[in-house]
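Worksheet: one structure, shown below.
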There are 2 protein chains.
Amino acid sequence: MMKRDGEQQFLAQYRPEDFRRPSVAVDIVVLTVTANAQLSVLLVRRNEHPFKGVWALPGGFLRVGPSVKDQGEDLDAAAVRELEEETGLSPDVVFLDQLHAFGQAGRDPRMRVVSVAYYALVPPDLLPRVRPGGDASQVRWTSVTAARAGELAFDHQIILTTAVARVAEQLETTAIARSLVGSTFTIPELRAAFESVTGKKLDHGNFRRKFNALVLSGVVERAPGKRATASKPAAVYRFHPRSDA
Amino acid sequence: MMKRDGEQQFLAQYRPEDFRRPSVAVDIVVLTVTANAQLSVLLVRRNEHPFKGVWALPGGFLRVGPSVKDQGEDLDAAAVRELEEETGLSPDVVFLDQLHAFGQAGRDPRMRVVSVAYYALVPPDLLPRVRPGGDASQVRWTSVTAARAGELAFDHQIILTTAVARVAEQLETTAIARSLVGSTFTIPELRAAFESVTGKKLDHGNFRRKFNALVLSGVVERAPGKRATASKPAAVYRFHPRSDA
DNA sequence: TAAATAGTGTCTATGAGACATTATGTA
DNA sequence: TACATAATGTCTCATAGACACTATTTA
């Protein structure tokens, strides 16, 4: 890239002044719909102060490189890395997107920290593959209702609430529903997933009608077989491989 | 607030390890609809390297305090401060919200910088009150089309594009339209504002119908007088004071 | 009077909400 | 057979898009 006159020299001589910098953390709201049709969030129990023993969202600090040439990892890359460290899952199979930057002074009692929060959706059939890693003494899926009733470290309650609201919004406008169900699913399963995110009951008939429109448009297709339930088995579907999230 | 056992002592003895930190910048996409019904963005010409002489979004660095007790300004407060420094406008009269955090390594050639971008909407009738401040040698409103055709410093092109897309989205679901027109406005003026943001022509009749629904619901009300135009004058309206953005 | 733009009305297709009804499995 | 739930159908209302038409001002 062409540089403007003098820019090269300027940069060569530039010494970042010694003004104070915040730490930048990346926290991830990892969500899934568990077997009991409950929207659940992955929490880790902190084994260090502050908030020792308290449940928190998985996260870590952005890695900043030592030089101008090597500035470290991209912000998004940090989120991918954290997700992988905490769950063992890669973004190929998990929806991951930025949520919001939380930067209130005093939100971390140790030092100034700006947290860039991300949210991730784990398809339920990948749950068995989630293997906790990192330095967390405990990792656990908790229903969002339970998590919101209990205590969370830092301002993670706010982050969680924001994330759930975002997913509910996105559900109506984008195709993130793919990431809320397994590779195959039934209409009632998908409906239950919707209900668990929005917290509202949906009319089965009307939900079906909208679903059928998806089938006609090719977004979703019949898969062989039926899913056994307590009563009448349900037809099985899958998302069409090509149409992207 | 009750602290857990040992947390007080931990914090008293805590020394933030010397890992590297990024700078955190706040950049603001200040948008308005100018008299020629063009969506325009406030740009400042950089008078320092890097990108000296190139137009950029107004912005600055987050101020971080010296101690754990005084951690500095909130992230949102930094955005408010920057907005005020660059335009002299307070958030009472200007819509201001967070857009996205941009944190690619190398996006600033001086050092690692994570930029948290905000977007602001300035009602057109406040344009005369915008008085450029700060250290920028020049401040200017530029039509978004022109800005996108030219060069912008850093990754500000991407930030601008993201902001315009966000506003277009919000326009359909929220009440930010308030901030795109003056304290009084005509239906064609509001329609022109919509068109300038979305880039699409809207049917006058259908737009009117939706507008009338707003009048019925009390969101908007007739204001006295008529607005003179080149032909038939248009009725004047205003948003109802109480219903919030 | 012509040009221009404000303002009104209408037809139709689509989609959402609120049901009622039928079908097919299990206990 | 009773029960549970999958699957379908129907009625109504609100809304969006396309478009034709009328009204009122200035040049």
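- When rounded to the nearest whole Å, the span between NE2 of B:H204 and P of D:dA20 equals 11 Å.
- Interface limits on DNA chain C: the 5'-most and 3'-most nucleotides within less than 4.0 Å of chain A heavy atoms are C:dA16 to C:dT26.
- Straight-line distance from the CZ atom of A:F211 to the C1' atom of D:dG9: 19 Å, rounded to whole Å.
- Listed nucleotides: D:dG17, D:dC11, D:dA4. Nearest to the side chain of A:S231: D:dA4.
- Between B:F194 and B:F207, the ring planes lie perpendicular to each other; the angle is over 60°, past the 30° to 60° tilted range.
- Looking only at distances, no side-chain donor or acceptor of A:R238 sits under 3.5 Å from a matching main-chain atom of A:V220.
- With rounding to whole Å, A:R209 atom CZ is found 14 Å from D:dT12 atom P.
- Atom CZ in A:F207 sits roughly 15 Å away from atom P in D:dT8 (whole-Å rounding).
- Across all strands, B:A228 comes closer than 4.0 Å to no nucleic acid atom at all (heavy-atom distances).
- A:D203 has its CG atom 12 Å from the C1' atom of D:dA7, to the nearest Å.
- A:D108 is linked by a salt bridge (Lys or Arg N to Asp or Glu O under 4.0 Å) to A:R110, counting only residues two or more places apart in sequence or in another chain.
- Look at CZ on A:R222: it is 12 Å from C1' on D:dA6, rounded to the nearest Å.
- When each of B:P233 and A:R208 is assigned the nucleotide of DNA chain D bearing its nearest heavy atom, the one mapping closer to the 5' terminus is A:R208.
- Positionally, the nearest nucleotide of DNA chain C for A:N206 lies more toward the 5' end than for the other of A:K232 and A:N206.
- Using modelled atom types and a 3.5 Å distance limit, the side chains of A:N212 and A:R209 yield no donor-acceptor pair.
- Among the protein residues, B:A213 comes within range of no part of the nucleic acid, since none of its heavy atoms lies under 4.0 Å from any strand.
- Side-chain contact check for A:S40 and A:T34: at least one donor-acceptor pair (N or O, by modelled atom type) lies under 3.5 Å.
- Rounded to a whole Å, the NZ atom of A:K226 is 12 Å from the C1' atom of D:dT5.
- For the pair A:K210 NZ and D:dG9 P, the interatomic distance rounds to 20 Å; values are reported in whole Å.
- Within the 4.5 Å cutoff, the side chain of B:R81 has heavy atoms near those of the B:E73 side chain.
- Each of A:Y237 and B:G205 was matched to the nucleotide of DNA chain D holding its nearest heavy atom; the match closer to the 5' end belongs to A:Y237.
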Using residues 90-97 of chain B as the side-chain source, report each donor-acceptor pair under 3.5 Å to any protein atom, sequence neighbours left out, with the distance given to one decimal.
from: B:S90; atom 1: OG; to: B:D92; atom 2: N; distance (Å): 3.2
from: B:S90; atom 1: OG; to: B:D92; atom 2: OD2; distance (Å): 3.2

